[in-house]
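Structure first, commentary second.
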Amino acid sequence: RRLWVLSQFKSGNVAYNVPGACVFDGPLNRPALEQALNSLISRHEILRTVFRENEQGNVLQFILPETDFKIAYFDIRGKEYELPGLLTGAFSHAFDLSAGPLLAAGVYQLADEKWVVSFVMHHIISDGW
């Protein structure tokens, strides 16, 4: 209930984001990456979970049958200096706990075969351990 109330305020929502990023060298198979993430989301109910308040004011958990998950792609070759700002923006993603998905991912192309993959999810579906 506490996280639900805090999520109603933009700053409270962003404070509970759990971010991460990894650097990869080599070719990237974008369709395979998207398929892998969508398979992961299909397999784990928590990644399809949203929270909604009913008429009595109780916050309830709902598991969606599927989500429309998309990975954001950015080609910043020659503009690598933009990466810190882009990651800060991605990690500050304001989640709508009632709509979902409560996770987001981005791929930033730094060179022909160098990538940064970022992800962020709301603490309500991840404890960070």
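Residue indices begin at 1 and follow the sequence shown. Computed from a predicted structure; not experimentally measured. The analysis underlying the following values was restricted to heavy atoms, covering all of them including side chains, and did not include hydrogens, waters or symmetry mates.
For the pair Asn17 (side chain) and Pro19 (backbone), a donor-acceptor distance under 3.5 Å is absent. Counting only distance, with no hydrogens or angles, the side chain of Trp115 and the backbone of Gly26 share a donor-acceptor pair below 3.5 Å. Checking side-chain atoms of Glu80 against main-chain N and O of Gly78 turns up a donor-acceptor pair under 3.5 Å.
Cluster membership for Ile71 and Val23, using ILVMFWY side-chain heavy atoms within less than 4.5 angstrom, is shared. The cluster map of Ile, Leu, Val, Met, Phe, Trp and Tyr, joined by side-chain heavy atoms under 4.5 Å apart, puts Phe24 and Leu110 in the same cluster. Grouping the Ile, Leu, Val, Met, Phe, Trp and Tyr side chains by contacts below 4.5 angstrom, directly or via other members, places Leu102 with Val120. Side-chain heavy atoms closer than 4.5 Å link hydrophobic residues (I, L, V, M, F, W, Y) into clusters, and following such links, possibly through other members, connects Ile46 to Leu37. Residues Leu40 and Leu33 fall within the same hydrophobic cluster, defined by Ile, Leu, Val, Met, Phe, Trp and Tyr side chains chained together at heavy-atom separations under 4.5 Å.
Rounded to the nearest 0.5 angstrom, Asp112 CG and Asp25 CG are separated by 12.0 Å.
Under the side-chain contact (heavy atoms from CB on, under 4.5 Å) criterion, Glu53 pairs with Arg1, Trp4, sequence neighbours left out.
Nearest heavy-atom pair, Ser98 versus Asp96, reported as atom, atom and distance to 0.1 Å: OG-OD1, 2.7 Å. Between Pro101 and Phe69, the shortest heavy-atom distance links the atoms CG-CD1, 4.0 Å.
Looking at heavy atoms from C-beta onward, Leu87 lies in side-chain contact with Tyr108 at the 4.5 angstrom threshold. Val50 places a side-chain heavy atom less than 4.5 Å from the side chain of Leu64. You'll find the side chain of Tyr16 stays beyond 4.5 Å of the side chain of Ile124, heavy atoms only. By the 4.5 Å heavy-atom criterion applied to side chains, His122 and Leu103 are not counted as neighbours. The closest side-chain heavy-atom distance from Asn29 to Pro31 is below 4.5 Å. When side chains are defined from C-beta on, Ile76 does not count as touching Gln109, because their heavy atoms never get closer than 4.5 Å. Counting heavy atoms from C-beta on, the side chains of Leu60 and Phe51 never come closer than 4.5 Å.
Within the structure, the side-chain hydrogen bond (donor to acceptor under 3.5 Å, both in side chains) test picks out the following pairs touching residues 31-50 (sequence neighbours left out): Glu34-Tyr73.
In the displayed structure, Gln56 atom CD is contacted under 6.0 Å by more than 12 heavy atoms of other residues, nucleotides or ligands.
Counting Ile, Leu, Val, Met, Phe, Trp and Tyr side chains that sit under 4.5 Å apart, directly or through other members, Phe119 stands alone, with no cluster partners.
No close placement of the Phe91 and His93 rings is indicated, their centers lying 6.0 Å or farther apart.
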